[in-house]
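Worksheet for the structure shown next.
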2 protein chains.
Amino acid sequence: MTVTEAAADRLVRIGEVARGAGVSVRAVRYYEQQGLLIAERSPSGQRLYRQDAVTLVRFFQQMFAAGLTSRRIAELLPCWDSGHTDAEQRAMLRAERDRIQAKVDDLQAALDRLDEVIAITDTHP
Amino acid sequence: MTVTEAAADRLVRIGEVARGAGVSVRAVRYYEQQGLLIAERSPSGQRLYRQDAVTLVRFFQQMFAAGLTSRRIAELLPCWDSGHTDAEQRAMLRAERDRIQAKVDDLQAALDRLDEVIAITDTHP
DNA sequence: CTAAAACCTGACGTTGACGTCAGAGGCAAG
DNA sequence: CTTGCCTCTGACGTCAACGTCAGGTTTTAG
C-alpha cells in the first residue's frame with residue numbers, strides 16, 4: 001500500500017465532510033438516513049467517512065438542485081458506482097433528463113419576461 | 001359601450017378561471033389570500049373575475065416555476081400593472097433575474113452530468 | 001321542484017430537505 | 001481534571017403552495 005493510497009484512505013469525521021462540501025452536519029446525517037451515504041463507525045460510534053465523501057455530497061447537492069429527490073438519487077446511485085444500468089434505470093435517467101430540460105426551458109421563459117420588464121422599467125424612470 | 005368591451009368585461013366564476021389556466025380552484029383562492037388576485041363578489045358572495053384573470057394566473061404559475069414566492073410576486077405586481085418601479089423594486093427584479101440565471105446554469109450542469117451517464121450506459125449495455 | 005354541480009368558509013394534512021433543541025457522551029489541550 | 005469543541009440519538013419544527021375534508025349555500029339542468 002503506497003503513501004498515496006494511505007492518504008486516500010484517511011478517514012474523516014462528519015464535521016470535516018460537511019465543511020468540505022459546504023453543507024450542514026445535519027444534512028450529511030440526513031443523507032445517510034436516506035441511504036445515500038454509508039459511513040464506518042469508530043469504536044465510540046462516531047461516523048468515519050472516506051475523503052471522496054465530500055465529492056459525493058457535492059454531487060447530491062447538484063442533483064437536489066436539479067429537482068431529484070433523495071429516493072431517486074438512491075435508485076440511480078448504482079449507475080455511477082458500477083457504470084451498469086438496467087432498463088428501468090435508463091428510463092429514469094431519461095425521464096429526469098427530460099424533466100430538467102423542460103424546467104430549463106420554463107426558467108428561460110420566465111427569465112425573458114423578467115428581462116423584458118427590466119428593460120422597460122430602466123428606460124421608463 | 002361596444003360589444004367588444006362588453007365581452008371583455010364579462011365576469012367569470014372561479015371554476016372557469018381555474019380550468020382556463022389549468023390550475024385547481026383551491027389554487028385560485030390561495031392567490032387571492034396572498035393578495036395576488038382581486039375578485040369582485042356576486043350578491044351571494046361568489047367570486048367574479050375578469051377574463052384576463054386567466055392570463056394573470058398563468059403568469060403566476062410561470063413565476064412560481066421560476067422560484068418566486070407569492071410574497072415576492074405581490075411585491076412586484078405593480079411593475080406589471082403600472083409599468084413604474086422604485087429603486088427597491090428594480091433591485092428585486094435584478095436579484096430574481098440573477099437568481100434564475102444561476103439556477104439555469106446549475107440545471108444545465110446537472111443536465112450535462114446526466115447526459116454523460118446516459119451516453120456511457122447506452123454504449124455500455 | 002329536485003338533484004347535481006359548483007361555490008363558500010374554515011381548518012387541518014402533505015411533502016422534502018433539512019433546522020433546531022435536549023440530553024448525553026467523546027476527545028485533544030492546558 | 002476540566003474546559004471547550006465535536007459528535008451521538010431521538011424527536012419536534014419549518015416553509016410554501018397547495019390538497020383535502022366538513023358542513024353549508026347557490027346556481028344550473030331537466
Side-chain angles (χ1 to χ4, degrees), chain A residues 10-49 53-54 56-77 96 99-100 103 106 110, chain B residues 10-49 53-54 56-77 96 99-100 103 106 110:
Chain A
R10 210 190 110 228
L11 297 176
V12 297
R13 293 192 299 173
I14 194 169
E16 192 166 341
V17 173
R19 276 192 308 277
V23 303
S24 69
V25 168
R26 175 69 173 93
V28 179
R29 289 203 195 99
Y30 175 74
Y31 301 157
E32 177 175 337
Q33 189 185 346
Q34 300 301 307
L36 298 180
L37 206 53
I38 303 157
E40 296 178 41
R41 295 299 182 121
S42 77
S44 66
Q46 298 198 346
R47 291 172 179 83
L48 296 177
Y49 299 90
V54 173
L56 205 50
V57 169
R58 278 203 236 269
F59 171 68
F60 295 155
Q61 288 290 113
Q62 189 175 24
M63 292 300 111
F64 284 137
L68 278 78
T69 65
S70 54
R71 166 175 285 276
R72 188 65 84 200
I73 298 174
E75 289 167 342
L76 292 176
L77 259 188
E96 294 296 342
R99 194 186 48 71
I100 297 173
K103 200 164 182 176
D106 287 351
Chain B
R10 210 190 111 229
L11 297 177
V12 297
R13 293 192 299 171
I14 195 170
E16 192 167 341
V17 173
R19 276 192 308 277
V23 303
S24 70
V25 167
R26 175 69 174 92
V28 179
R29 289 203 195 100
Y30 175 73
Y31 301 155
E32 177 174 338
Q33 190 185 345
Q34 299 302 305
L36 299 181
L37 206 53
I38 304 156
E40 296 178 41
R41 295 298 183 122
S42 77
S44 66
Q46 297 201 346
R47 292 172 178 84
L48 295 178
Y49 299 89
V54 173
L56 205 50
V57 169
R58 278 203 236 268
F59 171 68
F60 295 155
Q61 288 290 114
Q62 188 176 24
M63 291 300 110
F64 284 136
L68 278 78
T69 65
S70 53
R71 166 174 286 275
R72 188 66 83 199
I73 298 174
E75 288 167 342
L76 292 176
L77 258 188
E96 294 296 342
R99 193 186 50 71
I100 296 172
K103 199 163 182 177
D106 287 351

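Below, chain A is the first sequence line, B the second, and so on; all start at residue 1. Keep in mind that what you see is a predicted model, and the values were worked out from it rather than measured.
- Ile73(A) contributes atom CD1, which lies 4.0 Å from atom CZ of Phe64(A) (distance to the nearest 0.5 angstrom).
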>> Applying salt bridge (Lys or Arg N to Asp or Glu O under 4.0 Å) to Glu75(B) and Arg72(B), what does each step give before you reach the verdict?
In response: CA-CA 5 Å; Glu75(B) 288 167 342; Arg72(B) 188 66 83 199; 3.0 Å; yes
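- Between dT9(D), dC6(D), dC7(C), one nucleotide has an atom nearer to the side chain of Arg13(A) than all others, and that is dC6(D).
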>> Test salt bridge (Lys or Arg N to Asp or Glu O under 4.0 Å) on Arg19(A) and Glu16(A); report intermediate values, then the result.
In response: CA-CA 5 Å; Arg19(A) 276 192 308 277; Glu16(A) 192 166 341; 5.3 Å; no
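- Gln46(B) CD to Arg41(B) CZ: the interatomic distance, rounded to the nearest 0.5 Å, is 9.5 Å.
- Taking OH of Tyr30(A) as the start and CD of Gln33(A) as the end, the distance is 7.5 Å to the nearest 0.5 Å.
- Residues of residues 60-77 of chain B having a heavy atom closer than 4.0 Å to DNA chain D, listed by number: Gln61(B), Phe64(B), Leu68(B), Thr69(B), Ser70(B).
- Less than 4.0 Å separates DNA chain C from at least one heavy atom of each of the following residues of residues 30-45 of chain A: Tyr30(A), Tyr31(A), Ser44(A).
- At a threshold of 4.0 angstrom between heavy atoms, the contacts of Arg29(B) include nucleobase atoms, whether or not backbone atoms are also involved.
- Residue Met63(B) holds its CE atom at 10.5 Å from CG of Asp106(A), rounded to the nearest 0.5 Å.
- Annotation: the span from Arg26(B) atom CZ to Ile14(B) atom CD1 amounts to 10.0 Å, rounded to 0.5 Å.
- An angle of 10°, rounded to 10°, separates the two end axes of the helix from dC1(C)-dG30(D) to dG30(C)-dC1(D), each defined over five pairs.
- Taking atom CG of Leu48(A) as the reference point, atom C1' of dC6(D) lies 13 Å away to the nearest angstrom.
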>> Does Arg99(A) form a salt bridge (Lys or Arg N to Asp or Glu O under 4.0 Å) with Glu96(A)? I'd like the steps, not just the answer.
In response: CA-CA 5 Å; Arg99(A) 194 186 48 71; Glu96(A) 294 296 342; 2.7 Å; yes
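- For dT26(D), the OP1/OP2 oxygens have no side-chain nitrogen or oxygen of Arg47(B) closer than 4.0 Å.
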> After noting the C-alpha distance and the side-chain angles of Tyr49(A) and Val28(A), does the key distance pass the side chain to side chain contact (heavy atoms under 4.5 Å, CB included) rule?
Replying inline: CA-CA 11 Å; Tyr49(A) 299 90; Val28(A) 179; 3.5 Å; yes
> So Leu56(A) and Tyr31(A), side chain to side chain contact (heavy atoms under 4.5 Å, CB included) or not? Walk me through it.
Replying inline: CA-CA 10 Å; Leu56(A) 205 50; Tyr31(A) 301 157; over 6 Å; no
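- Arg29(A) places no side-chain N or O within donor-acceptor distance of the main-chain N or O of Ser24(A), the cut-off being under 3.5 Å.
- Between the base of dT20(C) and the side chain of Arg26(A) there is a donor-acceptor pair shorter than 3.5 Å.
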